[in-house]
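Whatever order the structure lists ligands and atoms in, that order sets their numbers, starting from 1.
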Amino acid sequence: MSGAHPSAAPASVLSVRGLHVRFRMRGGRQVAAVRDASFDLAPGECLALVGESGCGKSVLASALLGLLPGNAQTAGSAIAGGIELIGADERTLARRVRGRRIGLIPQSPAAHLTPVRTVGAHLEETLRALTGIRRREARRAAVAAAERAAFPADLLDRYPHELSGGLAQRAATALALVGDAPLLLADEPTTGLDRDLVHRTADELRRHTDDGRALLMITHDLAAAQRIADRVAVMYAGRIVEIADADAFFGAPGPRHPYARRLLAALPERDFTPIPGLPPELGDLPEGCAFAPRCDRATDTCATTLPAFAAGLSCHHPAAPPAEPPRA
Ligand SMILES: Nc1ncnc2c1ncn2[C@@H]1O[C@H](COP(=O)(O)OP(=O)(O)OP(=O)(O)O)[C@@H](O)[C@H]1O
Ligand code: SF4
Ligand SMILES: [Mg+2]
């Protein structure tokens with residue numbers, strides 16, 4: 001898909017409109033992994049994308065980079081740097097998008113590293129390809145890049161199979177940062193790290209963003225999201241159900257969507273109350289709101305009518321909006 005994007009905010013680093021991803025399965029079954037996702041990312045902004053396992057977060061990121069498997073079908077639009085990403089040809093994605101326009105910290109970093117190359121060789125090669133620096137300078141630049149992601153310089157000669165999960169994570173972060181892409185997609189960038197390194201990595205990603213780049217951080221770690229995100233997008237069963245300012249989301253008045261409220265309440269440092277029931281199968285979604293069987297605010301309308309996404313919410317009966325400040 002290509003062409004003009006009528007409602008894109010002019011200053012957006014990324015503008016996603018009506019993005020759908022479906023997987024065709026054997027026997028004609030379809031899995032609706034992303035449904036009608038729309039959001040913008042401004043320069044200098046960090047948007048945290050959160051939601052239970054299997055809700056479609058990684059599929060959304062893969063769709064933006066053209067990394068979906070052959071049984072995927074996409075629709076909608078996603079524009080970054082004037083390039084329509086959805087349906088773009090492989091040559092455009094490889095030459096102009098991946099690493100240059102959009103950096104990726106993948107969810108399974110070890111699987112994305114070439115087994116026969118050391119971490120240092122990965123970094124040097126990426127630096128030379130993206131920045132054009134000479135071989136002699138590449139080693140010094142690789143050491144500096146490793147340092148930014150807290151990857152120990154004395155381990156640069158290790159091969160991927162010699163890395164722990166946490167070290168592979170830091171290597172992937174170093175690699176994603178070297179291209180200085182205007183947009184970074186970080187899929188669970190703090191997995192396998194201890195709390196200190198979580199903070200250090202999150203802060204480095206924030207610094208990267210503060211220089212005018214944008215960050216989409218997919219995470220289960222709501223504490224890391226609270227630390228660095230400007231806005232939070234909550235996904236449930238393939239749909240973004242709420243996008244909110246991070247201060248209002250984590251503080252007062254809190255989220256407005258019943259699922260988002262339960263997600264926060266489930267945290268050990270909050271109510272520690274698990275959300276009852278399980279998310280639906282994405283191959284067998286109900287007609288109305290997918291959260292209805294688990295929702296204590298559900299009515300008959302919820303079960304039959306899918307709530308539209310409007311003003312940052314997809315819900316027929318959200319929690320009350322923040323109180324208006326008293327008039328002078
Ligand atoms: N190639 C595929 N074929 C069919 N279904 C797929 C395929 N890849 C992913 N899915 C399905 O798409 C849905 C969304 O998966 P996704 O990996 O995006 O979840 P996620 O939100 O990233 O979960 P997690 O938090 O565990 O990483 C899941 O139900 C998954 O089973
Ligand atoms: S639409 Fe209804 S069922 Fe869905 S989250 Fe809102 S109140 Fe609950
Ligand atoms: Mg994922």
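- Considering backbone and side-chain atoms together, Ser58 places an N or O closer than 3.5 Å to an N or O of ligand 1.
- Side chains of Arg297 and His316: a donor-acceptor N/O pair is absent below 3.5 angstrom, by distance only.
- The protein atom (non-hydrogen) at minimum distance from atom 27 (O) of ligand 1 is Gln107 NE2, 2.7 Å.
- At a threshold of 4.5 Å between non-hydrogen side-chain atoms, the residues Leu60 and Leu19 count as touching.
- Listed by number with element, the atoms of ligand 1 under 4.0 Å from a non-hydrogen atom of Leu282 are 13 (C), 29 (O).
- Per-residue contacts place His317 under 4.0 angstrom from the following atoms of ligand 2 (heavy atoms of the residue considered): 7 (S).
- A salt bridge between Arg17 and Glu84 is absent, with no side-chain N of the basic residue lying under 4.0 Å from a carboxylate O of the acidic one.
- Closest to atom 6 (Fe) of ligand 2 among all protein heavy atoms lies Cys315 SG, 2.2 Å.
- For the residues Cys295, Ala298, Ala303, Ser314, the heavy atom positioned nearest atom 8 (Fe) of ligand 2 is part of Cys295.
- At least one side-chain heavy atom of Leu185 sits under 4.5 Å from a side-chain heavy atom of Leu65.
- Using a 4.0 Å cut-off to heavy atoms of Met25, the atoms of ligand 1 that qualify are 4 (C).
- Against a heavy-atom cut-off of under 4.0 Å, Ser53 is close to the following atoms of ligand 1: 23 (O), 24 (P), 25 (O), 26 (O).
- Electrostatic pairing of Arg200 and Glu147 counts as a salt bridge here, judged by a charged N lying under 4.0 Å from a carboxylate O.
- Taking a cut-off of under 4.0 Å to the non-hydrogen atoms of Asn71, the atoms of ligand 1 that pass are 1 (N), 3 (N).
- Listed by atom number, the atoms of ligand 2 under 4.0 Å from Ala292 heavy atoms are 3 (S).
- Within ligand 2, the atoms closer than 4.0 Å to a non-hydrogen atom of Pro258 are 5 (S), 8 (Fe), numbered from 1 in the order shown.
- Side-chain N or O atoms of Ser314 include one that pairs as donor or acceptor with a backbone N or O of Pro307 at under 3.5 Å.
- A salt bridge links Arg207 to Glu204: at least one charged side-chain nitrogen sits closer than 4.0 Å to a carboxylate oxygen.
- Contact atoms of ligand 1 toward Ala33: 12 (O) (distance under 4.0 Å to a heavy atom of the residue).
- Of all the atoms in ligand 1, the ones that sit under 4.0 Å from a non-hydrogen atom of Pro69 are 1 (N).
- Closest to atom 2 (Fe) of ligand 2, if we only count protein heavy atoms, is Cys302 SG, 2.3 Å.
- Looking only at protein heavy atoms, the nearest one to atom 28 (C) of ligand 1 is Gly54 O, 3.6 Å.
- Looking from atom 8 (N) of ligand 1 to the surrounding protein, the closest heavy atom is Phe23 CZ, 3.6 Å.
- At a threshold of 4.5 Å between side-chain heavy atoms, the hydrophobic network of Ile, Leu, Val, Met, Phe, Trp and Tyr places Tyr259 and Ile240 in two separate groups.
- Clustering ILVMFWY residues whenever any of their side-chain heavy atoms sit less than 4.5 angstrom apart, transitively, puts Leu282 in the very cluster that holds Leu49.
- By the 30° and 60° cut-offs, the orientation of the rings of Phe291 relative to His257 is tilted.
- Annotation: Gly56 places an N or O atom under 3.5 Å from an N or O atom of ligand 1; distance criterion only.
- A side-chain contact (heavy atoms from CB on, under 4.5 Å) with Val34 is found for exactly one of His20, Arg239, Arg22, Met235, namely Met235.
- Using a cut-off of 2.8 Å, one finds that Ser58 contributes an N/O/S atom close to the Mg ion (ligand 3).
- Under 2.8 Å from atom 4 (Fe) of ligand 2 lies an N/O/S atom of Cys289, whether from backbone or side chain.
- For atom 24 (P) of ligand 1, the nearest protein heavy atom is under 4.0 Å away.
- Ion pairing between a basic and an acidic side chain is recognised when a charged N comes within 4.0 Å of a carboxylate O; Arg213 and Asp211 show such pairing.
- Not one N/O/S atom of His316, from backbone or side chain, sits under 2.8 Å from atom 8 (Fe) of ligand 2.
- Here the rule is side-chain contact (heavy atoms from CB on, under 4.5 Å) with Leu183, and of Leu64, Thr209, Val97, Ile102 only Ile102 fits it.
- In this structure a side-chain-to-backbone donor-acceptor pair under 3.5 Å is missing from Arg98 to Leu93.
- Nearest-heavy-atom check against atom 21 (O) of ligand 1 across Arg24, Met235, Lys57, Arg29 picks out Lys57.
- Taking 4.0 Å as the cut-off between side-chain N and carboxylate O, Arg261 and Asp296 do not count as a salt-bridged pair.
- Close contacts between ligand 1 and Val59 involve ligand atoms 9 (C), 12 (O), 14 (C), 15 (O), 16 (P), 18 (O) [criterion: under 4.0 Å to a heavy atom].
- In this structure, atom 13 (C) of ligand 1 is in close contact with the protein, since a protein heavy atom lies within 4.0 Å of it.
- The His257 neighbourhood of ligand 2 comprises atoms 5 (S), with distances under 4.0 Å to a heavy atom of that residue.
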